[in-house]
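Throughout, a chain's letter reflects where its sequence line sits, starting with A, and its residues are numbered from 1. Model, not experiment: these values are computed from the prediction.
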Amino acid sequence: MIKVTLPDGAVREYAEGSSAMDVARSISEGLARNVLAAKVNGEVREAGRPLPGDCSVSLLTWNDTEGKNTFWHSSAHLLAEALEALYPGVKFGIGPPIENGFYYDVDLGDRTIGDGDFAAIEAKMKELAGRKSAFVRQEVSKAEAIRYFTTKGDEYKLELIDGLNDGEITFYQQGDFVDLCRGPHIPDTSFIKAAKVMSVAGAYWRGDEKRKQLTRIYGITFPKQKELDEYLVLLEEAKKRDHRKLGRELDLFTFSERVGAGLPLWLPKGAALRERLINFMKEAQEKAGYVQVATPHIGGKSLYETSGHWEKYGKDSFQPISTPQEGELFMLKPMNCPHHCEIFASRPRSYKDLPLRFAEFGTVYRYEQSGELHGLARVRGFTQDDAHLFCRPDQVQEEFMKVIDLVLLVLRALGLEQFEAQVSLRDQVDRSKYIGSEENWQKAEQAIIDAAAQSGLKTVVEYGEAAFYGPKLDFMVRDALGRRWQLGTIQVDYNLPERFELEYVGSDNQRHRPVMIHRAPFGSLERFIALIIEHTAGRFPLWLTPEQAIILPISDKYIDAAQQVAGNLKDSDIRASVDERSEKIGRKIRDAELSKVPFMLIIGEKEEETNTVSVREQGKGDLGAMDLDGFRRLVNERIQASLGTH
RNA sequence: GCCUUUGUAGCUCAGGGGUAGAGCACUUCCUUGGUAAGGAAGAGGUCACGGGUUCAAUUCCCGUCAAAGGCUCCA
């Protein structure tokens, strides 16, 4: 008998050679039907494999990430089986699970696959799934593996085998399809009840652009048709919230081919929203002891040679612009920090001056490959809510923590409740891409880890994600649809002060090198606005929205009264306008609802006589009549509530 | 930059080798209506741009630009 420890701590006994599936059956038939794989002593394996002896077992179902991944990985095999049936001779690269579904990279030879082929592939997948083929694990020798794929003529698999050691190679077979695979897999194909091919794209073999481009086929599968339907609804919802679409509908921003790809043009409403975000941040920063500075959009090339950016990014930047007479070279600024370093260096600094916190909403320009541009989320010119803190080494941790507080304030004010912080450290092996001394790096990495821990942040550590000049703390936010966005970042930098030879005089009357902290809670305003558009579906927090109220006169007779109300509201800083069109009230309401103005104030005979307005809330309906003071109170209450502590 | 797909009115889209279409938006007129679309008329296009094939190209072919999805990259 073997002893099996379950996640709740219970220990049960089973016969030698029992599998996780036997464990599941002993608990309930229903559970057994839903078990996709099992975690045995921390390792994910097939549920059907015999247990290795006394062990801990947790059964994985669709509700576990690992269960899902196993399900999707097996689905990738099913996709491959379908492709092999439909396109004989197709060669296979890799087919892993991803966040939403899976893909398989394939070499179709001269053939191509397009949207029109998806239905046939899906039908084939469903047909094969219905055969209830078991996923059969088979250990093979390297020689056997090579023989099999040589006969099959699949050079990609052969290359993968080349990187594996004899004795650790396994094949998995379902139906007639055999694949090189580490596993694990779900018990059989019948678990897959719904399948959809999502898209195709090019992908280089092993991510190397010098190598052959394969066709990547994306798919997603579910254990129930209903779940696929729900997923498709979610995608529709995401489409409706797409900031590019809403940006146009809400008159926030536009692009022009003549201005250039990736260079957003802010329309009045969008510019107003941007301005409000800037003011919000300015106010918060002022309270936190920052001072505003302002610097030009270009800077001499030598500035970036000093900073190291020229060497690192010069080739991948907008190229220098030159003066006609003197031939001086200037760069469009890709970041604000070198300019701020020069401000620090503009006069002698005392330890008593520190920390100095220079803030600037600086617009920077970075070359992005044309294929990478994406609405406001990825642009070539953008404005950072940038600031650089120059401090003494003993102040780093405290300053870092204050910045974390500022970031949390921002996230709260915008209703971004779900987030985690990522501590980005150096690659553990390859350190060639980083500049700066080992000692400074270690100090910086420790300061971040400590500050994050003291702030009680939920953090994950990622190696290899640091900037080339220092480690950083990145905030990853989840929006209302559960999608992840990388936002504000805080970076410790011991390197730039060194390169710019920045100094302050300490209490010991000696020169010391300050430490620099880069930080941008929003990251870029453009990207941040893209996030809040999608997060709120265009229904911005009341304090932020371009237009807080629209006044709808019942007929032309009440336009004057409406204008008066608008004027009154403007005097108390409520942003309001009047719909003066000769339309019926129903029409005005419909248009206001669609443009997502939070409050509609209706004025007709009744209201004019009683000196009130009838208030209607967007998406909610009629709130009844109230006087203007009542409405002001309502607006203020809502704003206080959404800003939290503010 | 690379792969796949797309580009027709401000927006959403139909069409198709021979005079360019719809709905919404816009303009004007009528209507003055109480909680999600009142009526009529009008204006609006080098069918992304450049080249080729053709008697004739918005339509077919090639190139460029832009956009969408993906790859690679991201100070």
Distance, [atom1] atom - from [M] to [N], rounded to whole angstrom:
| N | M | atom1 | value |
| --- | --- | --- | --- |
| C73(B) | A14(B) | P | 37 Å |
| U5(B) | C61(B) | P | 12 Å |
| C49(B) | C65(B) | C1' | 7 Å |
| C13(B) | U32(B) | P | 38 Å |
| U8(B) | C47(B) | C1' | 4 Å |
| A9(B) | A48(B) | C1' | 14 Å |
| G34(B) | G69(B) | C1' | 48 Å |
| A57(B) | G50(B) | P | 14 Å |

- Task: For S307(A), answer base if it contacts any base atom (sugar-phosphate contacts may also be present), sugar-phosphate if it contacts only those atoms, and nothing otherwise; contact means non-hydrogen atoms under 4.0 Å.
- Result: nothing
- Nearest heavy-atom pair of G95(A) and H73(A): which atoms, and what distance? O-CD2, 3.5 Å
- Nearest heavy-atom approach of S75(A) to F102(A) is CB-CE2, 3.3 Å
May I ask which nucleotide in the shown strands pairs with [N], Watson-Crick or G-U wobble, both distances under 3.5 Å?
| N | value |
| --- | --- |
| U4(B) | A68(B) |
| G44(B) | none |
| G63(B) | C49(B) |
| U19(B) | none |
| C29(B) | G39(B) |

Between [N] atom [atom2] and [X] atom [atom1], what is the distance in whole Å?
| X | N | atom1 | atom2 | value |
| --- | --- | --- | --- | --- |
| R206(A) | C3(B) | CZ | P | 22 Å |
| D251(A) | C11(B) | CG | P | 12 Å |
| L214(A) | U4(B) | CG | C1' | 14 Å |
| I217(A) | C3(B) | CD1 | C1' | 13 Å |
| I121(A) | U4(B) | CD1 | C1' | 14 Å |

Could [X] and [Y] be called an ion pair, given the rule that one side-chain N must be under 4.0 Å from one carboxylate O?
| X | Y | result |
| --- | --- | --- |
| D591(A) | R581(A) | yes |
| R241(A) | E237(A) | yes |
| R483(A) | E534(A) | yes |
| E580(A) | K588(A) | no |
| R431(A) | D427(A) | no |

- Task: Report, as a single string ordered 5' to 3', how protein heavy atoms within less than 4.0 Å touch nucleotides 25-37 of chain B: B base, S sugar-phosphate only, - not at all.
- Result: S-----BBBBBBB
- Task: Would you mind reporting whether L246(A) and K596(A) have side-chain heavy atoms less than 4.5 Å apart?
- Result: yes
- Are any of the side-chain heavy atoms of E305(A) and P338(A) separated by less than 4.5 Å? no
- Item | Any side-chain donor near an acceptor of the partner, E607(A) and S614(A), under 3.5 Å | yes
- Using heavy atoms to find the nearest nucleotide of RNA chain B for Q384(A) and Y367(A) separately, return the residue whose nucleotide is more 5′. Y367(A)
Mind listing the N/O atom pairs, protein and nucleotides 64-71 of chain B, below 3.5 Å?
{"unit_1": "A68(B)", "atom_1": "OP1", "unit_2": "R244(A)", "atom_2": "NH1", "d": "2.7"}
{"unit_1": "A68(B)", "atom_1": "O5'", "unit_2": "R244(A)", "atom_2": "NH1", "d": "3.4"}
{"unit_1": "A68(B)", "atom_1": "O3'", "unit_2": "R244(A)", "atom_2": "NH1", "d": "3.4"}
{"unit_1": "G69(B)", "atom_1": "OP1", "unit_2": "R244(A)", "atom_2": "NH2", "d": "3.1"}
{"unit_1": "G69(B)", "atom_1": "OP2", "unit_2": "R244(A)", "atom_2": "NH1", "d": "3.4"}
{"unit_1": "G69(B)", "atom_1": "OP2", "unit_2": "H374(A)", "atom_2": "ND1", "d": "3.0"}
{"unit_1": "G70(B)", "atom_1": "O3'", "unit_2": "Y218(A)", "atom_2": "OH", "d": "2.7"}
{"unit_1": "G70(B)", "atom_1": "O2'", "unit_2": "Y218(A)", "atom_2": "OH", "d": "3.2"}
{"unit_1": "C71(B)", "atom_1": "O4'", "unit_2": "G202(A)", "atom_2": "O", "d": "3.4"}
{"unit_1": "C71(B)", "atom_1": "N4", "unit_2": "E372(A)", "atom_2": "OE2", "d": "2.9"}

